[in-house]
Every structure is written in C-alpha cells, then in structure tokens.
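As the structure lists them, so they are numbered: ligands from 1, and atoms in each ligand from 1. Small disclaimer: the values here were computed from a predicted structure and weren't measured.
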Amino acid sequence: MTARKVLVQMMGAVSLLIAAPSAMAQVKEVEVVHWWTSGGEAAALNVLKQNLQKQGIGWKDAPIAGGGGTQAMTVLRARVTAGNIPTAVQMLGFDILDWAEQGSLGDLTDVATKEGWDKVVPAALQNFSKYKGKWIAAPVNVHSTNWVWANKAVLDKLGVTPPKSWDEFVAALDKAKAAGVVPLAHGGQPWQDATLFDSVVLVTGGGDFYKKSMIDLDDATLKSDKMKTVFERMAKLRTYVDPNFSGRDWNLASAMVIKGDAAFQIMGDWAKGEFINAGKKPDTDFLCFRFPGTQGYVTFNSDQFVMFKVGDDRKDAQVKMALAVMDPAFQSAFNVVKGSVPARTDVSNEAFDACGKKGMADLKEANAQGKLFGSMAHGHAAPAAVKQAMYDVITKHFNGQLDTAKAPDELAKAVAAAK
Ligand code: GAL
C-alpha cells in the first residue's frame, strides 16, 4: 500500500470517528420533571417550552405538583430506582449535590466553558451548579424567601403602610385582625411553615445567627434562648392565620391576598407570579417588601436544571436545553413572569417591574455585603435530611403539638440525628 493510500484510509477512519456521534439518531425531545403547576409557574414554564420548540426540541411534561418540590423529589427517586430516568429535572441546592455525588448527572462543563458561565453565574449559585469542578446544572433563576406580599387596597383601608420591624408587623397584623380581615394568608404545609421560619430566624438573630443555626448547624445556637424567641414569634404568627389553613396550597394562600380576603402573605417571590398571572400590578394592586426587619439580607434559592445521564441519543437535546436555560434574553423573559430574578449577572433589569428591579438590586447588595444566605426551607442551607428534620420540628410546633420552651432542644436533637 502506498503511503498516500494509508493516509487516505487513516483519514477515512478519523472522519468516521468524528461523524459517529452526530450520525446517531438524536431524540428531539426532553422529558422534564418539575413542580411548576400553579398558574404563575405554568405561565413561566411556557416561556421555556416555547423557546425549546423554536429550536426543534419537543417538551414531554412530567409535572409533580407540590410547592417546594418535596413530592417531586420523592417521585424522582422512585423513577430512577425503577430505571425510568427523565432527561432533565428541576432541582434545588443540596439535592443537586446529592445526585451528583451518586454519579447520576451529566457533565455540562463543555458547554459551560464555551459559553463562559463561570463569569456570569455568581459564586453562591456555582456552589450548587458545580461538583468537583464540573458543571452539573444550569441555573435558571434566583428566588428569595424573605418577602411579604400585601393587598394594597386592604392596607389602605386599614391605614397601614409596609411595616419596617417585627413590632410594626405585629401591629399591622393586629389591625387586620381587629377589622375582621384574615391577617396572614398561609398554607399549613411543612415547607410553607419552614418558609416563614427562614425570615423569623433572620429578623430575630440577624445574619450571623442565621448562618450559625441554619447553615453551620451549630448545636449551641440551635438550642439557644434566641431560638426560643424564634419559636415564640412563630407561635405569634400562628395566631394570625385563618382556621382553614391546614394543607392549603401556597398559591391558594396568594389568591386570598389577591382577592382581598387576606392582608399579607409571607412567601418567596414566586408568589409574584400569581399576582401577575391574575393581571395585578405592583404598587397599584399589591405591595412587595422584604420581611420587616430583614431589608439588606437575602435568603435565596435557585431553580436549576440538571441533565440526567441518559443515552447518547439524548445529549443534543440536553445541551440545547441547557443553552436555552442560560440564554440571557430567555432569563429576562422567564423571570419577569416567574417572579424570580436572573441567575446571570449580565441581564438588564429593564423588562422587570418594581418588585423584580428591587429583587435584583437587593440580591446584588446582599451579595456584596456578605448578607446573602441559602434558604433553609428551599434546600440551600443544609442537606435534605437536615432540612426534613427541621421541617418536622417546625411544623409540629406550628400546629401546637410541641411547646415553645421545648422546641429549641428538639430542633438541636433532630438536626444532630440527621447530620
Ligand atoms: C420553590 C421553587 C420555586 C417555586 C416554589 C413553589 O422551591 O424554587 O420556583 O416554584 O418552590 O412551588
């Protein structure tokens, strides 16, 4: 064989090698597990579906209702165990790291490097988007839990302006109660009780106390007198919810504020999605403000999409979905509807309403000041087992099945056992 022939044959083999992956028939569809089933959430999800459809990628919906994603994570575990693995999954904080540790997640480092994600995703988020130096998730947003949502007409009628401290908040809640309005719209589900807890910990002890108890899981701090004050305040909030609160979904609690049946809701900024979806305008129909006394701080959670290790025939679609999620124009369009703020720092605030602009400015400031902390309630402070242990104690106490005096010790014990 001549040298030329050998070379031609070798080149043929190389080009075959290169051609192989793209020659493989690619599935032009993603099956996505998520818990975005409320009106506002579904509207935001549509922005993503349409974005993918434009790129020729179909959307197979696998919704699992239940705010905060508790049920979704249970169903996901069962599906993976049964070998019925979805293409992509909405996921939060420590859950992402758990699945990465088990080796279940696809590696997005190539696309992340090419697109420069390192430069535009804040370090606080990268802590959950990367595992051992590799990108394993695409962050779509940043939500935060220390918000209050209020019906403006109701507040005007009560002669109440947004409270600035715990005491002012209590005074406003009392006024609503005296006027026969439900002061606090709330749904009695563990993750919602825990969402209140995020803010009450923060306002009671400040950033150091939040970090020591919720993130460092320091035993002495968990059982401290200050933690007793936290539980006292939780018991106080309990006196402002209506008798039908048990089991109510968060979006139905939002609807109470939207309709003017209730004055306030303490909830993450996904609640804004419900107000917007109902055609309501910030400052005109509803007010958004930081949980009184926590201005400057942000307890965040970020929805990220992970790509499970499935066949090579799904890789194209997974990469396209990751690219779509991280597209700056998409991050603006999606988060305007969702109530969250972009995960990328290079997205303009132009398209956002007053609450969105405030959310973006608050996030930037909190990040710069060291006042940005992961939300316990939404899986960004401690691993799932610890979160669940905290949920149990908080909910038991909120429902009057655990004395305030005993609650801090119970919390410390539960956390120690779950660590
Ligand atoms: C959060 C999630 C939000 C929102 C909320 C209620 O955990 O990050 O996107 O959907 O649950 O379902």
| field | Check: Gly68 N/O within less than 3.5 Å of ligand 1 N/O | value | yes
| field | For Trp250, atoms of ligand 1 separated by under 4.0 Å from a heavy atom | value | 6 (C), 12 (O)
| Aromatic plane relationship, Phe264 with Phe289 - under 30° parallel, 30 to 60° tilted, over 60° perpendicular | perpendicular
| request: Distance to 0.1 Å, residue and atom name: give those for the protein heavy atom nearest to atom 2 (C) of ligand 1. | output: Asp303 OD1, 3.4 Å
| query | Looking at ligand 1, does any of its N/O atoms fall within less than 3.5 Å of an N/O of Asn301? | reply | yes
| request: Using a strict 4.0 Å cut-off to heavy atoms of Leu92, name the atoms of ligand 1 that fall inside it. | output: 7 (O), 8 (O)
| said: Just to confirm my output: which protein heavy-atom neighbour is closest to atom 7 (O) of ligand 1, and how far is it? | reply: His378 ND1, 2.8 Å
| Nearest protein heavy-atom contact for atom 12 (O) of ligand 1: which residue, which atom, what distance? | Glu41 OE2, 2.7 Å
| remark: Atoms of ligand 1 under 4.0 Å from any heavy atom of Trp35, numbered from 1 in the order shown, are 1 (C), 2 (C), 7 (O), 10 (O), 11 (O), 12 (O)
| field | Short N-O contact, Lys211 and Asp216, less than 4.0 angstrom | value | yes
| Can a salt bridge be assigned to the pair Glu31 and Arg79 using a cut-off of 4.0 Å between side-chain N and carboxylate O? | yes
| query | Parallel, tilted or perpendicular: which describes the rings of Phe308 and Trp99, with under 30° parallel and over 60° perpendicular? | reply | perpendicular
| Atoms of ligand 1 close to Lys338 [distance to a heavy atom under 4.0 angstrom, numbered from 1] | 3 (C), 4 (C), 9 (O), 10 (O)
| remark: Applied to residues 100-124, the ring pair (Phe, Tyr, Trp, His ring centres under 6.0 Å) test, sequence neighbours excluded, yields Trp117-Trp135
| Of Asp403, Val393, Val200, which meets side chain to side chain contact (heavy atoms under 4.5 Å, CB included) against Phe231? | Val393
| request: On the 0 to 90° scale, with breaks at 30° and 60°, tag the Phe169-Trp166 ring pair as parallel, tilted or perpendicular. | output: perpendicular
| query | Hey, does Trp36 come in under 3.5 Å of ligand 1, counting only N/O atoms on both sides? | reply | yes
| Gly69 near ligand 1, heavy-atom distance under 4.0 Å? | no
| So Trp270 and Trp250, would you call those rings parallel, tilted or perpendicular, with 30° and 60° as cut-offs? | perpendicular
| Element-labelled atoms of ligand 1 that are located less than 4.0 Å from some non-hydrogen atom of Gly67 | 6 (C), 12 (O)
